[in-house]
There are 2 protein chains.
Amino acid sequence: MADVGRAAGVSAQTVSRYFSGVGYVGGSTRERIAAAVAELGYRPNRAAGSLRARHTGIIGVLTVGELVHGSAQILTGLSQAARRLEQTLMIAQVELGYEAEGWQGEVRRAVDHFLSAPVDGIVVSTSISGVDEALDAARAHVPVVNLSERPRVLDGSVGTHSFTAGYEGTGYLIGQGHTAVIHLAGPATRHEAIERERGYREAMREFGLEALVVGEARDWSSATGFAAAQQVDVDRFTGVFASNDEIALGFLSAMERRGRKAPTDFSIVGVDDMPAAAYFSPPLTTMRLDFQGVGRTTLQTVYEMIRTGESTARRVIEPELRIRESVAAPRDRTR
Amino acid sequence: MADVGRAAGVSAQTVSRYFSGVGYVGGSTRERIAAAVAELGYRPNRAAGSLRARHTGIIGVLTVGELVHGSAQILTGLSQAARRLEQTLMIAQVELGYEAEGWQGEVRRAVDHFLSAPVDGIVVSTSISGVDEALDAARAHVPVVNLSERPRVLDGSVGTHSFTAGYEGTGYLIGQGHTAVIHLAGPATRHEAIERERGYREAMREFGLEALVVGEARDWSSATGFAAAQQVDVDRFTGVFASNDEIALGFLSAMERRGRKAPTDFSIVGVDDMPAAAYFSPPLTTMRLDFQGVGRTTLQTVYEMIRTGESTARRVIEPELRIRESVAAPRDRTR
DNA sequence: CAGTAACATGTGATCGGTAACTTGCCTAGG
DNA sequence: CCTAGGCAAGTTACCGATCACATGTTACTG
């Protein structure tokens, strides 16, 4: 900055004002600085600036496991909003191991990494049981926004409404006349899966129907749905509520091998509305979740918390039923 | 650090040595520092450190458009490798507009943002025609690795081999007896799409067959494949090579509406091997691309370039045929 | 036993900015 | 005519680390 100042015939401090926009810089001075900047190819060094200013404009994003549809879309939304607010995203990924021990340490490491950067705030994308605890250390230093279905601290959290997705998805099936509706659960470690199942159970209970959860999921993959379809008794259900589209796809695939197609032999609804879902065979009726929107409001939320120092109230994004062709009224089996 | 040093009875410089690992720190001193660090909850400030040290350990990742299967997996690979090498990823996204003008400026803005951070290196994930030029400014300051099919500067670039994907995917169809093979192209702005088409054309040419590209793609989505299927003459082909799995899915879906199923009525092969592809109806034969691997070697490459200051030779990851059930020998139409 | 190398630590300058305060000018209001 | 306040800059200290260099100790070597 001193060099630029010299070239423009002003002090470094004035150049600093020119870039930061705080304080006054005269019109002609402004032009001379701009010229000097262009000529020298100068760019301010944010690492230096943030040292004295005590904020970096960096927001840490913690992701869990590989980026699949939902988390990738969330990240897309986060980075859209970050660009608009001129914040920088620093990402750290923790591998999702099944040995409970290792990954808590991983989270702590990632948090340390962030605080050391240092970041102005942290968002935890895709939350798992137990992250909350590992995050308390960070809360003391910077705002933390939890993108979670069941955050331990409600304020300053954002989430989709997975319970509603489960409740309405199942309700739609029931509304079409299905009474034997089974559920294909997602991984039990994930809050989204737990809430969707809870929504399913609640809907079934309200209508006096018996809930039945099929299979055991280790992940959100189609393999999970495929495996569930292989062990299910095809005569014991007419409706299926799947915890996500990918699982629904696996189920569809396995049922096709067993000679059953939706919506004639059974009906099915998923959750997510991944882009491919509209082209499944049949096109899948599903509870759409606006992941990009979730990402955007999440970033907006940390940003506000950073600026104001106060937690905002919990924000929730509601799912929306997308009717396609995988659901029909059940055939009368007694005939 | 001075505080920690005081608590441990040493100078700040020794604490610095303790953290950085360069220079000598005695055993008992090391323990006292560790104790002081734990007690004070101290964490070094990397923004400060990098100011003097003149490197930040941050690598900028430029992504284009929203994170879809390929780019999301690449990012996953990048961040896995980053964690292992103790590098930090800073991501910036540029929106993929169709007004040629705007996005060149966007790239320049993002590069500026990176250089200003400042980052030690830049990787450009998912390259488009013209990014190369916008990147030259950055090359003067830090190593830039281009994740591209046709980089303008070959050294220090990484890519998948899309040409091979096109060539072998088409070749497989031909090998199964198909002579009328059409191509569902990807967006013409993307190098991957161009190379896959080139591979397709080359294979057709070698066998003396006539190439036919159907439809016009604006993106990689299923809608593209769906639209192509609607305008194609079903009697003029038996084989289909799609530029990616998603497009193949759209095509499958539209053909099913027209009463044609693979592999009985036609055969089709895609590219990518997205997780869902194995559960399409029918399970899709496709050219698998190891995107996570691409991400990992890309990050490894920038890292080496940062350390050594020299460009590495171009690295290419080869696709691999995954045979499933969407391809069969063509039915004899004359009968 | 002097000389040298490895070990262990400290001192002062410095990286590139920003905060806080100060100075000087000009205009408007009482 | 004096003063308050907005405007336009400059001065100095400081953010939290690392670098280059200096110093003292111990161990080994010939």
Side-chain angles (χ1 to χ4, degrees), chain A residues 1-37 40-58 86 88 112-120 141-142 306, chain B residues 1-37 40-58 86 88 112-120 141-142 306:
Chain A
M1 273 189 172
D3 289 348
V4 175
R6 210 165 300 129
V10 295
S11 73
Q13 180 58 41
T14 303
V15 181
S16 172
R17 286 198 191 92
Y18 168 81
F19 277 105
S20 70
V22 306
Y24 305 102
V25 179
S28 70
T29 307
R30 192 177 294 278
E31 281 170 30
R32 289 200 326 279
I33 293 177
V37 165
L40 299 175
Y42 171 79
R43 254 177 284 267
N45 181 318
R46 289 204 303 271
S50 56
L51 186 55
R52 177 73 227 239
R54 322 204 68 83
H55 59 261
T56 53
I58 303 176
E86 301 197 281
T88 295
D112 247 51
H113 189 78
F114 282 150
L115 291 179
S116 179
V119 300
D120 290 346
H141 298 92
V142 296
I306 291 170
Chain B
M1 273 189 171
D3 290 345
V4 175
R6 209 166 299 126
V10 295
S11 73
Q13 180 58 41
T14 303
V15 180
S16 171
R17 286 197 191 93
Y18 168 81
F19 277 106
S20 70
V22 305
Y24 305 101
V25 180
S28 69
T29 307
R30 191 176 297 276
E31 281 170 30
R32 287 197 330 275
I33 294 178
V37 165
L40 298 176
Y42 169 81
R43 254 177 284 268
N45 180 319
R46 289 204 303 271
S50 55
L51 184 55
R52 179 72 230 239
R54 322 203 68 84
H55 58 262
T56 54
I58 302 175
E86 301 196 281
T88 295
D112 248 51
H113 189 77
F114 281 151
L115 292 179
S116 180
V119 300
D120 289 347
H141 297 92
V142 296
I306 292 169

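A, B, ... follow the sequence lines: proteins, then strands. Residue 1 opens every chain.
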* **Point-to-point distance, once rounded to the nearest 0.5 Å, from CD1 of Ile58(B) to CD1 of Ile58(A)** => 5.5 Å

* **Length of the CG-P vector between Leu51(B) and dC15(C), whole Å** => 9 Å

* Counting N and O atoms only, with roles assigned by atom type, does the side chain of Ser116(B) sit under 3.5 Å from a partner on the main chain of Pro118(B), one being a donor and the other an acceptor? -> no

* Would you jot down, in residue-number order, the residues of residues 26-33 of chain B having a non-hydrogen atom under 4.0 Å from DNA chain C? => Gly26(B), Thr29(B)

* To do: Nearest 0.5 Å please: distance from the OG1 atom of Thr88(B) over to the CZ atom of Phe114(A).
  => 8.5 Å

Check: protein-nucleotides 5-7 of chain C nitrogen or oxygen pairs below 3.5 Å:
residue, atom, partner, partner atom, Å
dC7(C), OP2, Tyr24(B), OH, 2.8

* Please confirm whether the backbone N or O of Arg46(A) pairs with a side-chain atom of Ser50(A), one donor and one acceptor, at under 3.5 Å? => yes

* Take the protein atom CE of Met1(B) and the nucleotide atom C1' of dT18(D), then report the distance between them rounded to whole Å. => 9 Å

* Asked: Do any pairs count as a side-chain hydrogen bond (donor to acceptor under 3.5 Å, both in side chains) and have a residue in residues 3-20 of chain A, sequence neighbours left out, and if so which ones?
  -> Asp3(A)-Arg6(A), Ser11(A)-Thr14(A)

* Structure fact -> Distance col, row Leu115(A):CG vs Arg43(B):CZ, nearest 0.5 angstrom, shows 4.5 Å

* To do: Output yes when at least one side-chain N/O atom of Arg54(B) is less than 4.0 Å from OP1 or OP2 of dG16(C), else no.
  => yes

* Considering non-hydrogen atoms only, spot the tightest contact between Leu51(B) and Leu51(A) and give its length. => CD2-CD2, 3.4 Å

* Asked: Reckon Tyr42(A) touches a base, only the sugar-phosphate, or nothing at all at heavy-atom distances under 4.0 Å?
  -> sugar-phosphate

* Return the value, rounded to whole Å, for the distance between atom CG of Leu115(B) and atom C1' of dG16(C). => 16 Å

* Once you round it to whole Å, what is the distance between P of dG16(C) and CZ of Arg52(B)? -> 9 Å

* Sequence neighbours left out, what passes salt bridge (charged side-chain N to carboxylate O under 4.0 Å, His left out) with Arg32(A)? Give chain and number order. => none

* Checking Asp120(B) side chain against His55(B) main chain: does a donor-acceptor pair fall under 3.5 Å? -> no

* **Value in whole Å for how far the C1' atom of dT14(C) lies from CG of Asn45(A)** => 14 Å

* Nearest 0.5 Å please: distance from the CG atom of Leu40(B) over to the CE atom of Met1(B). => 12.5 Å

* Asked: Start at the 5' end of DNA chain D and walk down; is the nucleotide closest to Val25(A) or to Val22(B) reached first?
  -> Val25(A)

* **Selected nucleotide, minimal atom distance to Ala53(B) side chain, candidates dT9(C), dC19(D), dG16(C)** => dC19(D)

* Using the C1' atoms of the five pairs at each end, what is the angle between the end axes of the helix from dC1(C)-dG30(D) to dG30(C)-dC1(D), to 10°? -> 30°

* Mind running a 4.0 Å heavy-atom check of residues 11-18 of chain A against DNA chain D and sending the residues that fall below it, in number order? => Ser11(A), Gln13(A), Thr14(A), Arg17(A)

